[in-house]
Amino acid sequence: MATIKHGTTKVANRLITYAEKKAEERSGVKCDPNYVRSQFSTTRNLWGKNDEVQAHHVIQSFKPGETTSRQANEIGQKLAEKLAPDHEAVVYTHTDKHHIHNHIIINSVNIEDGKKLHFNARKSIEKMREQSDQLCKSYGLSVVEKPSAEIRYTLAEREVLKKGQISWKKELRSAIVAESKTATTFEDFKINLQKNHNITVKEGKNDYISYKHPETGKAVSGKKLGLLFEKESIQFSIENRPFERLSKKSSEILDKLNESREKPYTVSEIKNLYTAKGKAFEVDHSPELQKEFDDLSEIMGDLKRDQLAARSNDSPALEPKSLSKAFEIGD
C-alpha cells in the first residue's frame, strides 16, 4: 500500500544530505549515488540551468511489514525511471519510521537535451500514484484505492466554507503552515503553536499527531487535515527549509561557512551552532570567537526577521474572542 508525495527544492544538496543520513539502502539511476551531488551539479551547469528548481522530490511510503528495504529501493528505482527518463536520480530508502519509505530525488535537468522537468500539480501526482501502484501490484504489494489528499475537507467543513463562514480546521491549518515555515526544529514548531496560537499538540504511536483548537476545544488529527499536516510532512518541511531573504552580508557569511564543509548548513544546524558559540563566548572572549559569534548573530537576525514577517503574513494568532460563532457547527 504505497502512498506518494511530491515536492521540489532550489537547493538539491541540502535535500540529498537530509535523505542520505538515515538511508538503509541507496541506489542511483543514470548516476553513482556516491557522487550524486557533483553529477547533478555538472549536468545543470553544463546546460546553464542551475537556478530555480534544482531537483524534484518524491516520497514513496509502503504499508508496514509488507516489503523489505531492498525491495522498496528496487521499486523506487523503477519508479524514478518511469517518472523521468533521461534524468539522473538517486533513491534513498529509510526504515527509521514505522513504515519503510523511499526518498526519490530527481535532477531537474535532462542529461540528453537540457530540458527542465516539470510536473503539472494535480495531473502529475495522479500519474505518479498510478505508476507506483502498477509497480507495487507487479511485486504483489497492496495499493491505496483512495489516496489521501494534501488537504482534506469533510462535507460539513465544505458547507461552512461555502457560506463564507470561518472553519476552525482552516484556522488550524493556517497556523500550522505559518509555524512550520519559521520553526528551526520540530520542538520549536510545537512550542510556537502553543505560545503564538494557544494550539495544543499531542503525539502518539506511529507518528500520530493531533491539534486542539483553543476556542472550540475540538481536536483533529494531522491525517484528517491532510498529508501536509501529518508529522512526517511537518518534520521534513522544517528540516529542509531553505535560507530565504537573507541580506547580502548574511549570504556572504553563510557561503564562507559552507566552504569548509562537504555539506551545506541547514537552518537548524546554524541555530545550534549559534547557541554553542554563544555559550563558548561566555567563558572565552577571544577576538576569533567574537567574530564567529557576531557573524552567526547576523544570520540569526535575518532569520528572526524572516520568521516575524512570515508569521504576520500567513496567520494571525488565534484569539478566542475573535473567532466566529460558525465554530458551533460540527465541521
Side-chain angles (χ1 to χ4, degrees), residues 2 4-62 67-97 99-119 124 127-128 131-132 134-136 138-139 141 232 236 239-240 242 255 257-266 269:
I4 292 290
K5 299 177 187 177
H6 169 258
T8 59
T9 179
K10 294 182 179 180
V11 190
N13 284 353
R14 190 172 295 136
L15 175 57
I16 291 168
T17 297
Y18 166 83
E20 71 178 359
K21 280 182 180 178
K22 300 178 181 179
E24 181 78 18
E25 299 281 344
R26 64 192 66 194
S27 60
V29 177
K30 300 185 184 301
C31 70
D32 186 330
N34 295 312
Y35 304 99
V36 62
R37 290 179 183 80
S38 60
Q39 287 186 245
F40 273 27
S41 179
T42 297
T43 298
R44 292 193 303 269
N45 286 321
L46 178 65
W47 294 99
K49 296 181 178 180
N50 201 36
D51 58 344
E52 297 303 320
V53 173
Q54 292 187 346
H56 289 263
H57 180 211
V58 177
I59 302 176
Q60 183 185 36
S61 303
F62 299 87
T67 186
T68 64
S69 58
R70 181 170 296 182
Q71 185 184 66
N73 190 271
E74 186 176 312
I75 294 172
Q77 290 178 61
K78 292 183 178 181
L79 180 59
E81 291 170 349
K82 284 179 173 291
L83 294 177
D86 295 325
H87 283 259
E88 298 149 314
V90 63
V91 182
Y92 297 105
T93 304
H94 289 194
T95 58
D96 58 312
K97 305 294 183 183
H99 60 277
I100 292 174
H101 59 281
N102 288 326
H103 289 275
I104 305 170
I105 304 172
I106 305 170
N107 200 3
S108 63
V109 177
N110 188 304
I111 59 177
E112 297 294 334
D113 58 20
K115 291 182 179 180
K116 272 219 167 182
L117 179 64
H118 297 285
F119 287 119
S124 293
K127 184 177 180 182
M128 288 179 192
Q131 292 174 323
S132 176
Q134 289 173 5
L135 285 168
C136 287
S138 71
Y139 279 80
L141 306 183
E232 186 180 2
F236 179 79
E239 292 173 8
N240 287 273
D255 288 342
L257 287 171
N258 285 331
E259 283 178 3
S260 59
R261 285 170 58 93
E262 180 182 349
K263 303 168 183 177
Y265 278 106
T266 64
E269 286 174 336

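The residues of the chain are indexed from 1 along the displayed sequence.
To the nearest 0.5 Å, the span separating OG on Ser132 from CZ on Phe62 amounts to 6.0 Å. To the nearest 0.5 Å, atom NZ of residue Lys127 and atom CZ of residue Phe119 are 8.0 Å apart. Note that the CD atom of Glu25 and the CD1 atom of Ile100 stand 9.5 Å from one another [nearest 0.5 Å]. Going from atom CD of Gln60 over to atom CD of Gln131 covers 11.0 Å, rounded to the nearest 0.5 Å. Residue His101 holds its NE2 atom at 12.0 Å from CD1 of Ile4, rounded to the nearest 0.5 Å. Put simply, CE on Met128 and CD1 on Ile59 are 11.5 Å apart, with the number rounded to the nearest 0.5 Å.
Of all heavy-atom pairs spanning Arg44 and Ala12, the tightest one is NH1-CB, 4.0 Å. Among all heavy-atom pairs drawn from Arg26 and Ala23, the shortest one is NH2-CB, 3.6 Å. Minimum interatomic distance between Pro33 and Gly28 (heavy atoms only, all atoms of both residues): CD-N, 3.8 Å. Across every non-hydrogen atom of Tyr18 and His103, the tightest pair is CE2-CE1, 3.7 Å. Of all heavy-atom pairs between Ala80 and Val29, the closest is CB-CG2, 4.2 Å. Taking both residues in full, the closest heavy atoms of Ala19 and Tyr92 are given as CB-CD1, 3.4 Å, listed atom of the first, atom of the second, then distance.
For the side-chain contact (heavy atoms from CB on, under 4.5 Å) test, residues two or more places apart in sequence or in another chain that qualify with Ser27 are Asn73, Gln77, Val91. Scored by the side-chain contact (heavy atoms from CB on, under 4.5 Å) test, Tyr139 finds Gln71, Glu74, Ile75, Lys78, Leu141 as partners (sequence neighbours excluded).
Within the structure, salt bridge (charged side-chain N to carboxylate O under 4.0 Å, His left out) pairs that include any residue of residues 83-93 do not occur (at least two apart or interchain).
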Between Thr17 and Arg37, does a side chain to side chain donor-acceptor pair (under 3.5 Å) hold up when you go through it step by step? CA-CA 9 Å; Thr17 297; Arg37 290 179 183 80; 3.2 Å; yes
Is there a side chain to side chain contact (heavy atoms under 4.5 Å, CB included) between Lys30 and Ile111? Walk through the geometry before answering. CA-CA 9 Å; Lys30 300 185 184 301; Ile111 59 177; 3.9 Å; yes
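Checking side-chain atoms of His57 against main-chain N and O of Leu15 turns up no donor-acceptor pair under 3.5 Å. Between the side chain of Ser138 and the backbone N or O of Leu135 there is at least one donor-acceptor pair closer than 3.5 Å. Between the side chain of His87 and the backbone N or O of Asn107, at least one donor-acceptor pair lies under 3.5 Å. Remark: the backbone N or O of Ile104 is not paired with any side-chain donor or acceptor of Asn102 at under 3.5 angstrom. Between the side chain of Ser108 and the backbone N or O of Val53, at least one donor-acceptor pair lies under 3.5 Å.
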